[in-house]
Amino acid sequence: MRSCFSLRSRGRLRSGGAATPWFLAALLSAVALAGAPVQAQALDRAPAIAMRGTPDLPPTFTALPYADPTAPRGGHLDLSLLGTFDSLNPFIVKGSAPLFMRNYVIESLMARSLDEPFTLYPLLAQSVTTDAERSFVAFALNPAARFSDGTPVTADDVLFSFALMRDMGRPNHRLYYGKIAKAEAPDAHTVRFTFAEPDPELPLIMGLMPVFKQASIDRDRFEETTLTPLTGSGPYRVGAVDAGASVTLERNPDHWGGAVAFNRGLYNFDRIRFFYFRDANTEFEAFKKGLIDARFETDPGRWETGYDFPAARAGDVVKELVPTGTPKPYSAFVFNTRRPLFADRHVRQALIELFDFEWLDKNFYHGLYRRTASFFEGSELSSSGVPADARERSLLAAFPDAVVPDVLAGTFRPPVSDGSGRDRDRLKAALQLLDKAGWMLRQGALVNRETGRPFAFEIMVATREQERLALAYQSQLKRAGIAAQVRYVDAVQFDSRRGAYDFDMMPYAWGQSLSPGNEQAFYFGSAAADTPGSRNYMGAKSPAIDAAIAALLAARDEDDYVSAARALDRVLVSGAYGVPLFHTPGQWLARWTRIERPRRASLYGTLPETWWRVPGK
C-alpha cells in the first residue's frame with residue numbers, strides 16, 4: 001500500500017514516501033527548506049510565510065487539515081521510546097535528551113504545517129514581515145503569549161533565546177544564527193533580524209527558533225546536562241521525571257495558545273507519559289499488556305507475526321499501515337571515512353557489494369522491505385531512474401570524477417544478489433574492488449598487500465535489532481576474509497561516540513523533508529565534517545557536494561531546484577558513503593482502540609499530538 005503524490009498548484013511538491021518517526025518529524029521543522037521553487041515574495045505583517053510560493057491555508061483557517069478540532073479532550077496517553085536519557089535539554093550538544101521537549105514544552109515564533117513543504121503559521125508571533133530579497137525578517141509577537149508561569153513572552157526573551165542558541169546551541173543552530181548581522185527589538189512586542197546577506201530560508205529558520213524565558217535560564221550553566229525542566233510557553237509542562245526511565249508531561253490548564261488556529265485539535269491529552277525501554281522486546285511486551293497505548297513498529301517480523309495475541313484477536317488492538325508523503329529515510333551502515341581503512345572509495349564499494357539484501361529481506365524481514373537507492377528516495381528530487389539533465393551536467397562538469405557513469409545515467413541501483421546468501425558474482429566483484437585498493441586474500445584472511453595488516457573494523461550498534469542485522473552482515477563480510485566485530489553499546493555511549501565520530505561503522509538514517517536546503521550542509525558539507533555534533537557522520541569532504549548544496553540554496557525556479565537536488569543525490573550516491581539498507585512503505589502503527597486518530601494523516605504520517613482518548617475507555 002503506497003501513497004503517490006505529484007506537483008500540485010502553487011508548486012507544492014509531494015512524493016511517495018516512507019515512515020518518518022514521529023519524534024523526528026518535529027525536528028524536521030527546524031531544518032526543512034524550499035517547497036515550490038519560485039521567486040520569494042515580499043510580506044508585510046503577513047499571517048503566514050512559505051519558503052516559495054504561497055501558503056496553502058487562508059488567513060481565516062480554523063485548524064490544520066490533519067487535525068480534528070472536534071476531538072474530545074482529557075485522559076492520558078502512554079508512549080514508549082527505546083534508549084534512555086540523562087538530560088532534559090535537547091538544545092545542546094552534551095547529553096541525551098528527549099526530543100519531544102520541542103513543541104510540547106518549548107514553542108517557537110511560528111509553527112510549521114507538516115502538510116506543506118515548508119510553510120509557517122502564527123504561534124508566538126502573530127505576523128511576519130520580510131522583503132522580496134529576504135534580507136531581513138521581523139516578527140510581531142502575540143500580546144496574549146505567555147510562558148507556563150503566566151509571565152508574558154517579550155521581545156527581550158526572543159533576543160535572549162537567539163543569542164543563547166547562536167552561542168551555545170547545537171551546531172545547526174550556531175550555523176544558522178551566525179548568519180544574523182543584527183538582532184533588535186523596536187518595541188516590546190517586535191523583533192527584527194537583519195541578515196549578513198540575503199537568504200530565502202533564514203526568515204523561516206528564525207521563525208522556528210525555540211523561545212525560552214530569559215529569567216529562568218542560567219546562561220553560564222546552560223551547556224551542562226540537567227534534569228531541571230526548561231520553562232517554555234507550550235501546552236505542557238514537565239511533571240514527574242524518573243531519571244533515564246520516564247518523563248511525564250502535564251497539560252498546562254492555562255496554556256495561552258489553546259485558541260490559536262494552529263493548535264486546534266492538537267494536544268488533546270491531559271497527561272502524556274513517555275517510558276524508556278532498553279530493548280525492543282521489553283517495549284513490545286509492555287504494549288501487549290496494555291501499559292503502552294500505541295507504538296510505531298519497526299520490526300517487520302514482529303509486524304507480520306507478533307500481533308497474534310488475545311487483545312489483538314479480540315479487536316482491542318488494531319494494526320494500520322499509514323501512508324506518508326515524504327522522501328524515504330536514507331538508512332545505511334555508515335562508513336567513517338576519517339578512518340584510513342575507509343578512505344578509498346573502492347573499499348567502500350566492495351563492502352556494499354557484500355551486503356546481500358535479497359537474502360536478508362527474505363529470511364529476516366518477510367520480504368516487507370524495499371532497498372533504498374537514493375538520499376531522496378520516492379520523491380521528485382531523487383536521481384534514481386532519471387538521467388542527469390543539462391543543468392546537472394553543467395553543475396557537475398567541474399567535478400568529472402564525483403559521479404560514476406551509471407549514477408549519471410540514472411541506471412544505478414544497489415547490487416542485486418541471487419538471494420542465496422552465497423552469491424559468487426557479488427563476492428568476485430567485491431574482491432576485484434578490494435584488489436584495486438591494495439587488499440588480497442591470504443589463507444582465508446583479507447590483508448593489505450604491502451603491510452600484511454588484516455582488514456578488520458568495528459560495527460557499533462545500540463539496539464538488539466541493529467545488532468542482529470550487523471551480525472548477519474558480519475557473516476557476509478567473512479566470506480571475503482574481512483573481520484568485522486559487532487560492538488553493542490548503550491544509547492548514551494552510542495550518542496556520545498557518534499557525536500565525536502568515534503566509530504568505524506554504525507547504522508544511521510537521514511530523514512529528508514520535501515524541501516531540503518541549508519541543513520544539507522550540516523548533513524554533508526565539508527565544514528561539518530570536522531564539527532562535533534554535526535550529522536556529517538561519514539566525514540564527507542567533497543567540493544562537488546558543497547557546490548551542489550550551494551546550487552540548491554541559490555535555485556530560484558523549479559527546474560534549477562530539482563536539478564540541484566538531483567545533482568547532490570548523485571554525488572552522495574557515487575561517494576559510496578554507506579551500505580544502503582532499506583525502507584518501509586509507510587508507518588506501521590499499532591494502537592489500543594482506546595486511542596483514536598484523525599483519518600487524514602499529514603504528509604509525515606500520523607502524529608501523537610493529533611490523537612485523542614476515546615471517552616469512557
Side-chain angles (χ1 to χ4, degrees), residues 10 12 25-26 28-30 32 35 40-69 102-131 134 136-148 152-159 161-162 185-193 201-213 232-236 252 254-267 515 602 607 609-610:
R10 285 176 275 183
R12 291 186 59 189
L28 287 173
S29 66
Q41 298 177 344
L43 299 173
D44 185 10
R45 300 184 68 86
I49 180 173
M51 177 60 205
R52 293 181 174 94
T54 57
D56 274 12
L57 302 179
T60 56
F61 86 96
T62 57
L64 294 167
Y66 52 87
D68 184 351
R102 190 73 154 98
N103 300 331
Y104 283 88
V105 176
I106 304 295
E107 291 180 317
S108 50
L109 293 166
M110 304 188 79
R112 180 179 176 229
S113 167
L114 295 180
D115 217 41
E116 301 176 54
F118 197 8
T119 300
L120 306 186
Y121 293 95
L123 197 57
L124 290 173
Q126 60 185 2
S127 68
V128 56
T129 299
T130 188
D131 58 351
R134 294 196 171 175
F136 79 94
V137 67
F139 299 97
L141 300 182
N142 189 325
R146 295 289 187 275
F147 289 109
S148 59
V153 178
T154 69
D156 285 342
D157 292 306
V158 176
L159 294 183
S161 301
F162 158 72
D187 58 61
H189 288 94
T190 305
V191 290
R192 179 186 170 103
F193 300 99
E201 183 186 21
L202 266 183
L204 289 89
I205 288 179
M206 301 314 297
L208 291 171
M209 181 179 67
V211 177
F212 310 102
K213 179 179 177 179
S233 58
Y236 292 92
N252 177 8
D254 300 318
H255 178 227
W256 76 274
V260 172
F262 189 93
N263 286 333
R264 290 174 187 152
L266 303 182
Y267 311 116
S515 48
S602 78
L607 308 165
E609 54 262 39
T610 68

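Everything numeric in this text was worked out from a predicted model, so none of it was measured.
- Of the inter-residue distances, the one linking Glu201 atom CD with Arg134 atom CZ reads 10.0 Å to the nearest 0.5 angstrom.
- Panel note: side chain Glu116, backbone Asp56; a donor-acceptor pair is recorded below 3.5 Å.
- To the nearest 0.5 Å, the span separating CZ on Phe118 from CE on Met51 amounts to 8.0 Å.
- Side chain of Ser515 to backbone of Pro117: a donor-acceptor contact under 3.5 angstrom is found.
- A donor-acceptor pair under 3.5 Å is formed between the side chain of Asn263 and the backbone N or O of Gly257.
- With rounding to the nearest 0.5 Å, the separation of CG in Asp131 from CG in Asp44 is 11.0 Å.
- The nearest pair of heavy atoms linking Ala155 to Leu141 is N-CD1, 3.6 Å.
- For an aromatic pair to be called close, the ring centres must be under 6.0 Å apart, and Phe136 with Phe193 fails this.
- In this structure, CG in Leu202 is found 5.0 Å from CD1 in Ile205, a value given to the nearest 0.5 Å.
- Inter-residue side-chain proximity for Thr129 and Arg192 is flagged as unmet; no heavy-atom pair is nearer than 4.5 Å.
- Between Pro235 and Asn252 the shortest side-chain heavy-atom distance does not fall below 4.5 Å.
- For the atom pair OG (Ser161) and CG (Leu124), the distance works out to 9.5 Å, reported to the nearest 0.5 Å.
- Relative ring orientation between Tyr236 and Tyr104 is described as tilted, the plane-to-plane angle lying within the 30° to 60° band.
- Here the closest non-hydrogen pair linking Ala111 and Leu123 is CB-CD2, 4.0 Å.
- Here the straight-line distance linking atom NZ of Lys213 with atom OG1 of Thr154 works out to 10.0 Å at 0.5 Å rounding.
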Could you go step by step and tell me if Asp68 and Thr610 meet the side-chain contact (heavy atoms from CB on, under 4.5 Å) rule? CA-CA 7 Å; Asp68 184 351; Thr610 68; over 6 Å; no

Let me see the working for Leu114 and Leu607 under side-chain contact (heavy atoms from CB on, under 4.5 Å), right down to the final yes or no. CA-CA 10 Å; Leu114 295 180; Leu607 308 165; 3.4 Å; yes

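- Of the possible polar contacts, one joining the Arg264 side chain to the Thr62 backbone as a donor-acceptor pair under 3.5 Å is found.
- Contact annotation: the side chain of Ser127 never approaches that of Pro47 to less than 4.5 Å [non-hydrogen atoms, C-beta and beyond].
- For the residue pair Arg102 and Ser108, the shortest heavy atom distance occurs at NH1-CB, 3.7 Å.
- Of all the heavy atoms in Ala125 and Phe139, the pair that sits closest is CB-CB, 3.9 Å.
- A cation-pi arrangement, defined by a distance under 6.0 Å to the six-membered ring centre and an angle within 45 degrees of its axis, is absent between Arg112 and Tyr121.
- Using a 4.5 Å heavy-atom cutoff, the side chains of Phe162 and Val191 are not in contact.
- Listed here is the closest heavy atom pair of Leu120 and Leu204: CD1-O, 3.4 Å.
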Let me see the working for Glu107 and Ser233 under side-chain contact (heavy atoms from CB on, under 4.5 Å), right down to the final yes or no. CA-CA 6 Å; Glu107 291 180 317; Ser233 58; 2.7 Å; yes

Carefully, step by step, assess Val137 and Val128 under the rule side-chain contact (heavy atoms from CB on, under 4.5 Å). CA-CA 7 Å; Val137 67; Val128 56; 3.5 Å; yes

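- A distance-only check finds no donor-acceptor pair linking the side chain of Thr119 to the backbone of Pro55 [under 3.5 Å].
- The heavy-atom pair separating Asn142 from Trp256 by the smallest distance is ND2-CZ3, 3.7 Å.
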